[in-house]
Amino acid sequence: MSAPPLVVEGLEVRAGRAGPAVVRGVSLTVPAGGCLALVGESGSGKSVTALAALGRLPPGLVRTGGRVALLGRNPAALPERALRALLAEGTGFVPQDPLAALDPLHPVADQIVAPRCPDGWGRLNEALSAVLGSRRPGRAERRRVAAALLERMGLRDAEARAGAFPHAFSGGMRQRALIAAATRHAPALVVADEPTTALDAAVERQVLTLLREAAAEAGAGLLLVSHDLGLVAWFADRVAVMREGRIVEEGETEAVFRAPREAYTRALLGASPALRVRRVAPRPPPGGRVLLSVEGVSRRYGGVAALTGATLSVQEGEFLAVVGESGSGKSTLGRLMLGLEAPDEGRVLFAGEDLARLRPAALRRLRAEMQPVFQDPLSSLDPRWSVGRSVAEPLRVAGLRGWPSEREAVAALLERVGLGGMERRRPSELSGGQRQRVAIARALAPRPRLIVADEAVSALDVTTQGRVMALLAAFRREGGAVVFVTHDLRLAAEEADRVAVVEAGRIVELGPPDAVLGAPSHPYTQRLVGALLPPRFPLPATLSEEVPS
């Protein structure tokens with residue numbers, strides 16, 4: 001039997017040598033050919049544990065204790081060059097934020113064949129795919145290999161897209177490119193940090209199946225960091241539950257899910273929408289005035305149609321969910337709604353104003369009324385600014401808009417999103433879920449009438465998801481409208497007043513969730529709903545949906 005590619009014993013990580021502990025006493029083993037899942041709330045230490053195991057902690061964090069054996073070697077004792085060689089040859093890494101991990105100056109094909117080291121920022125390494133041998137391939141060969149890997153990840157038109165740059169990819173497409181890069185050379189260990197947050201149900205099942213198959217073929221271990229307990233139930237052999245930097249429960253996946261020992265684990269399982277089967281109940285139609293109208297809108301990029309003839313409206317106080325596969329045009333529709341891009345055909349009206357015809361000054365004033373929450377929180381926050389300054393920026397542009405003072409507004413907004421007292425932190429000091437909550441606080445700051453949230457909770461654990469959805473629900477009760485771009489059909493079914501289904505740039509179905517998702521009429525919607533994984537294990541009926549404070 002092969003030796004485990006990763007063994008961690010008593011790991012301790014601190015914010016500075018004498019700072020508070022971020023990870024405390026963590027021990028885990030990733031067996032060859034097996035999958036260990038790390039689960040827990042945002043900020044529990046999952047990603048820090050994975051990065052510490054690879055010897056790639058971000059600035060400000062220091063490993064102060066414990067033992068790590070990565071492919072039989074201690075990464076902390078290796079020179080930088082030797083560590084980079086070890087990581088490039090023997091490991092694959094799928095980071096949490098795909099836009100930040102891909103270099104905007106290099107085509108995606110080059111980064112798949114010669115990807116970055118797993119520090120998220122390092123230089124391109126020289127490791128090449130095993131199928132190419134030791135020689136350096138030419139551009140045409142790099143494109144061919146990259147296209148084959150992307151096609152394996154379920155990307156349409158892979159050959160044409162392989163030569164594109166990251167900005168031309170949707171969030172889900174970028175995520176699939178990173179997974180292709182991580183598995184291209186049959187590594188002994190793959191570390192996947194939230195690898196499916198930007199993917200729809202059909203693709204996430206396909207991608208995780210590919211990850212497991214690649215690991216099994218190579219006898220590799222897979223460390224899966226995830227907040228999606230439904231996927232963990234299907235794909236992980238063992239699960240370790242983290243809370244406040246410690247592992248509070250670990251065991252075989254089925255044993256932990258069927259009979260969790262810890263109250264915290266029971267609460268996480270009870271709060272997960274992926275583990276509950278709920279009937280889609282009919283809702284009364286929203287009765288507000290029309291706030292936003294999209295009329296026959298089309299958008300093309302370099303001759304490729306991203307959106308074609310889209311028509312819909314959003315009423316005051318309405319929650320409209322826009323669902324579809326990665327690359328279907330959902331995010332393009334959201335950007336057009338906000339006036340961030342102009343349509344090639346058709347028009348977008350907000351409060352009766354045609355956004356494309358407004359003068360820049362008038363459009364700037366109107367932006368306070370409609371706020372975005374982007375898919376990639378790290379790329380939407382200035383890394384040089386503190387959290388407090390980032391949240392205050394919309395108020396400095398639009399005015400206080402009813403807040404007593406800027407300081408009181410920032411404090412109240414951060415408290416609402418569960419980040420009270422974090423005004424002085426930088427984005428690099430926050431987890432992915434915490435950064436997303438900062439982005440939501442920014443959106444709420446100018447008291448808008450419309451929020452367009454693009455995969456706003458895809459990076460969040462189930463309990464933080466619930467808090468954010470409660471914030472959006474409170475915003476709706478105050479008369480605000482929400483356009484919720486998502487691949488999570490369960491959330492759309494539970495929260496939306498209406499659902500719009502987008503396929504290849506066209507809205508193919510629009511209506512209440514009980515009709516669209518409960519009894520879909522279009523074949524594409526039927527396929528999306530059919531791709532949802534049912535709960536794998538019958539969970540105890542006594543599980544609580546409240547996570548202990």
Side-chain angles (χ1 to χ4, degrees), residues 273 278 280-295 297 310-323 330-331 333-340 347-355 365-374 394 398 401-403 409 412-413 416-417 437 439-457 465-486 488-502 507 509-518:
R278 291 187 176 180
V280 181
R283 290 185 182 83
R289 295 175 298 178
V290 172
L291 178 64
L292 179 80
S293 295
V294 177
E295 301 177 355
V297 164
T311 298
L312 54 79
S313 62
V314 183
Q315 299 177 13
E316 292 178 337
E318 182 181 10
F319 192 114
L320 172 70
V322 181
V323 303
K330 307 186 301 295
S331 296
L333 178 60
R335 290 194 296 271
L336 292 167
M337 286 178 167
L338 290 164
L340 298 176
R347 61 179 188 165
V348 178
L349 303 177
F350 181 83
E353 299 276 3
D354 187 340
L355 298 183
R365 285 193 298 272
L366 199 61
R367 288 208 190 283
E369 303 285 334
M370 46 184 182
Q371 289 290 303
V373 179
F374 294 111
R401 297 180 65 83
W403 291 101
L413 288 163
R416 282 183 70 181
V417 298
R437 282 184 275 167
I440 292 167
R442 271 175 58 93
L444 293 172
R447 303 184 190 272
R449 298 169 66 188
L450 170 72
I451 288 179
V452 178
D454 187 358
E455 299 287 3
V457 298
Q465 253 186 25
R467 296 186 192 114
V468 170
M469 299 310 295
L471 287 171
L472 294 177
F475 174 72
R476 290 171 62 204
R477 287 194 296 271
E478 295 164 2
V482 178
V483 175
F484 192 68
V485 178
T486 184
D488 192 329
L489 299 187
R490 290 185 175 92
L491 268 182
E494 292 183 3
E495 304 291 341
D497 300 307
R498 289 190 302 153
V499 177
V501 182
V502 184
I507 297 175
E509 204 158 349
L510 174 65
D514 56 302
V516 173
L517 300 179

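A distance of 14.0 Å separates CG in Leu413 from CZ in Arg437, rounded to the nearest 0.5 Å. For the atom pair CG of Leu355 and CG of Leu336, the computed distance is 9.5 Å after rounding to the nearest 0.5 Å. The structure places OG1 of Thr486 at 9.0 Å from CG of Asp454, a figure rounded to the nearest 0.5 Å. Taken from CZ in Phe374 to CG in Leu338, the straight-line distance is 7.0 Å, to the nearest 0.5 Å. One finds the CG atom of Leu450 at 8.0 Å from the CE atom of Met370 (value rounded to the nearest 0.5 Å). Here the straight-line distance linking atom OG of Ser293 with atom CD of Gln315 works out to 9.5 Å at 0.5 Å rounding.
Side-chain contact between Val501 and Ile507 is absent, with no heavy-atom pair separated by less than 4.5 Å. Side chains of Leu489 and Val323 form a contact here, defined as non-hydrogen atoms less than 4.5 Å apart. Contact of the Met469 side chain with the Phe484 side chain is registered, since non-hydrogen atoms from C-beta on lie closer than 4.5 Å. Side-chain contact between Val482 and Leu320 is absent, with no heavy atoms from C-beta onward closer than 4.5 Å. Between Leu312 and Met337 there is a side-chain heavy-atom pair separated by less than 4.5 Å. In this structure the side chain of Val348 reaches within 4.5 angstrom of the side chain of Val297, judged on heavy atoms. Taking 4.5 Å as the limit, some side-chain heavy atom of Val499 sits within range of a side-chain heavy atom of Leu517. Taking 4.5 Å as the limit, every side-chain heavy atom of Leu333 sits out of range of all side-chain heavy atoms of Val483.
Between Leu510 and Ala500, the shortest heavy-atom contact is CD1-CB, 3.6 Å. Taking each heavy atom of Ala412 and Trp403 in turn, the nearest pair found is CB-CZ3, 4.0 Å. Closest non-hydrogen pair, Arg442 versus Pro394, comes out as O-CG, 3.6 Å. Between Ala481 and Val314, the shortest heavy-atom contact is CB-CG1, 3.9 Å. Residues Val373 and Ala443 come closest through the heavy atom pair CG2-CB, 3.6 Å. When all heavy atoms are compared, the tightest approach of Pro446 to Ala398 is CB-CB, 4.5 Å.
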Verdict with reasoning, Arg476 to Asp497, per salt bridge (Lys or Arg N to Asp or Glu O under 4.0 Å): CA-CA 11 Å; Arg476 290 171 62 204; Asp497 300 307; 2.8 Å; yes

From CA spacing to verdict: salt bridge (Lys or Arg N to Asp or Glu O under 4.0 Å), Arg401, Glu369: CA-CA 11 Å; Arg401 297 180 65 83; Glu369 303 285 334; 3.1 Å; yes

Evaluation steps, side chain to side chain contact (heavy atoms under 4.5 Å, CB included), between Leu471 and Arg416: CA-CA 8 Å; Leu471 287 171; Arg416 282 183 70 181; 3.9 Å; yes

Residue pair Arg449, Glu316: steps toward the side chain to side chain contact (heavy atoms under 4.5 Å, CB included) verdict: CA-CA 8 Å; Arg449 298 169 66 188; Glu316 292 178 337; 3.3 Å; yes

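Looking at Glu353, its side chain never comes within 3.5 Å of a backbone N or O of Leu349 through a donor-acceptor pair.
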